[in-house]
Structures are given as structure tokens and as C-alpha cells.
Amino acid sequence: MTRALQRQDFAGDAVDVARSLIGATLLVDGVGGLIVEAEAYDMTDAAAHTHRGPTERNRAMFGPPGHAYVYFNYGLHWCLNFVCRESGHGAGVLIRALQPTHGLDRMRQRRGLDDERLLCAGPGRVGQALGITKALYGLPLDEPPFVLRAPDATGAIEVIAGPRVGISKAQALPWRFGLAGSRYVSRRF
DNA sequence: AAGTAGATGTTCT
DNA sequence: GAACATCTACTTA
């Protein structure tokens, strides 16, 4: 059994937190898996929702670390982020892909798909598979329905980095992190 | 294998 | 009214 992540584990820089989350376990109501892809966003970064300061939508990102920031994207997809740094910094990590380990049946129901590899390979897919909605907005990550556990330390975790996906600004920053060799990432690095 | 179009609704200018 | 931290289905090869 690995260590449960505490709110303090999210107090660091978003880039550091994103890297350290690769290999961690994320469950929502018992459904989820290993985080194999995540991206960092920060107020100093033109691609971030928080770049222009606090708004109604991004309010949670300016709150305390270790909480959920959920947003509705392209009119279709719910995406899950973890708030980082101390309050006021507008930093966070977008969960982009999981290797499914828990509640595969539930994921298949919600996704209407059989292929394990496509259940959580992308932020919108993660949102659908885990049942992410506005109801989770601002909730702490160290309490139900969330379960977050540190990566299993028995195996070395090889993390690779690259440019983020689907943004039109700050494209050069290598703030996308992934588990090397994983077939569950949304795209190759 | 790679590229394009369409869906769909909230946020911000 | 444009942009948007995306996904799917469909085309072309």
C-alpha cells in the first residue's frame, strides 16, 4: 500500500507537481487508475486559464492547493485539474491520461467503448470515464470521492517531457509529462 | 496513417 | 462574435 497524498503535496510549483504525479493513483468513487500524462499551467504562462487573473470560472485555481479545478471544454468535455502552490498563484495540473486499473466496467459503460486503451487517453476521456462534473469543483483531493496515492516506489518511474497539447500560446514550454513507454497516453511524445 | 470537419456551449473581448 | 487546455467520424491514401 502506498502513501496517500496530502494537500501539502500540491503546494509546490505546478511543473514539479505535474512531474511527480506521473505514476500516482487517482480514483473518483473507486474508478480510475495510474496517472500517465499530465500538464502544468501557471499564471505566468499565456496558455493558462489564470493568465489574466481571477475570474468566476478559474476561482478555484486561486484557492488553496490540493483541490480540484474542473472546467467544461469545447461545449462537450469535462476536464480535471489539481490546484498547486499556495493560494493566489493560479497554478495547476491538468490530468490528461490514466492507465485504467479500477472500475473498468464502469468506465466502459460511461464511455460506450470497449477498448481499454481509449478509456482514459485524453483529458475529455478521463472526465467522461471518471464521471467528472461541476459537482466536484473546488473539492479537496484528500477526501472522498477522491483517492490519491503516491507512485509505487518499488519500480523506478521514467518520466518524459514535451510540449503541451491543444494550445495556441506558449507552445514551446515543455510542460507536458508522461510515463515513458506507456500505451495509455493521449498521443506519443 | 494522416488529415479534415462538425459537434456543442461557456467564457471573454 | 471569436476562441476554446477536445473527441469522433469520416475521408483520402
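Just so it is clear, the structure is predicted and the values come from calculations on it, not from any experiment. In what follows, every heavy atom counts, from backbone to side chain, and hydrogens, waters and symmetry copies are set aside.
Counting only heavy atoms from C-beta on, A/Leu94 has its side chain closest to C/dA5 among C/dA5, B/dA7, C/dC4. The listed nucleotides are B/dT11, C/dA5, C/dT6; the one nearest the side chain of A/Tyr69 is C/dA5. Listed candidates were C/dA5, C/dT6, C/dT8. Nearest to the side chain of A/Tyr71 is C/dA5.
An OP1 or OP2 oxygen of C/dA5 is reached within less than 4.0 angstrom by a side-chain nitrogen or oxygen of A/His49. Side-chain N/O atoms of A/Ser168 include none lying less than 4.0 angstrom from OP1 or OP2 on C/dA3. A/Arg111 has a side-chain polar atom (N or O) that falls below the 4.0 Å cut-off from OP1 or OP2 of C/dT8. An OP1 or OP2 oxygen of B/dC12 is reached within less than 4.0 angstrom by a side-chain nitrogen or oxygen of A/Thr55. An OP1 or OP2 oxygen of B/dT11 is reached within less than 4.0 angstrom by no side-chain nitrogen or oxygen of A/Arg52.
Cation-pi geometry between A/Arg117 and A/Tyr184 is not satisfied (NZ or CZ under 6.0 Å from the ring centre, within 45° of the ring normal). Cation-pi geometry between A/Arg85 and A/Phe62 is not met at under 6.0 angstrom from the ring centre and within 45 degrees of the axis.
The backbone N or O of A/Ala150 sits less than 3.5 Å from a side-chain atom of A/Thr2, completing a donor-acceptor pair.
Here the C1' atom of nucleotide B/dC12 and the NE2 atom of A/His51 are 14 Å apart, to the nearest Å. Whole-Å rounding puts the A/His77 NE2 to B/dG9 P distance at 12 Å. To the nearest angstrom, P of C/dC7 lies 15 Å from CG of A/Asp115. The distance between atom CZ of A/Arg188 and atom P of B/dA2, rounded to the nearest whole Å, is 12 Å. Protein atom CD of A/Gln171 is 14 Å distant from nucleotide atom P of C/dA3, rounded to whole Å. Remark: P of B/dA7 and CG of A/Asn73 are 18 Å apart, rounded to the nearest angstrom. Rounded to whole Å, atom P of B/dT8 lies 14 Å from atom CD of A/Gln128. Atoms CG (A/Leu76) and P (C/dA9) sit 13 Å apart, rounded to a whole Å.
When Watson-Crick and G-U wobble pairs are counted only if both distances are under 3.5 Å, B/dT8 pairs with no nucleotide at all. In this structure C/dA5 sits in no base pair that meets the Watson-Crick or G-U test at under 3.5 Å.
A/Arg57 comes within contact range of the sugar-phosphate backbone alone, with a heavy-atom separation under 4.0 Å but no base atom that close. In this structure, A/Gly75 reaches the bases: a heavy-atom distance under 4.0 Å links it to at least one base atom across the strands shown. Among the heavy atoms of the strands lying under 4.0 Å from A/Phe72 are primed sugar atoms or P, OP1, OP2 only; no base atom is included.
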| When you look at A/His49 and A/Tyr71, which way does the ring pair (Phe, Tyr, Trp, His ring centres under 6.0 Å) test go after all the steps? | CA-CA 10 Å; A/His49 290 166; A/Tyr71 70 94; 4.6 Å; yes
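With salt bridges taken as basic N to acidic carboxylate O contacts below 4.0 Å, one links A/Arg3 and A/Asp9.
A donor-acceptor contact under 3.5 Å is not formed by the side chain of A/Tyr74 with the base of B/dA7.
Relative ring orientation between A/Trp78 and A/Phe72 is described as tilted, the plane-to-plane angle lying within the 30° to 60° band.
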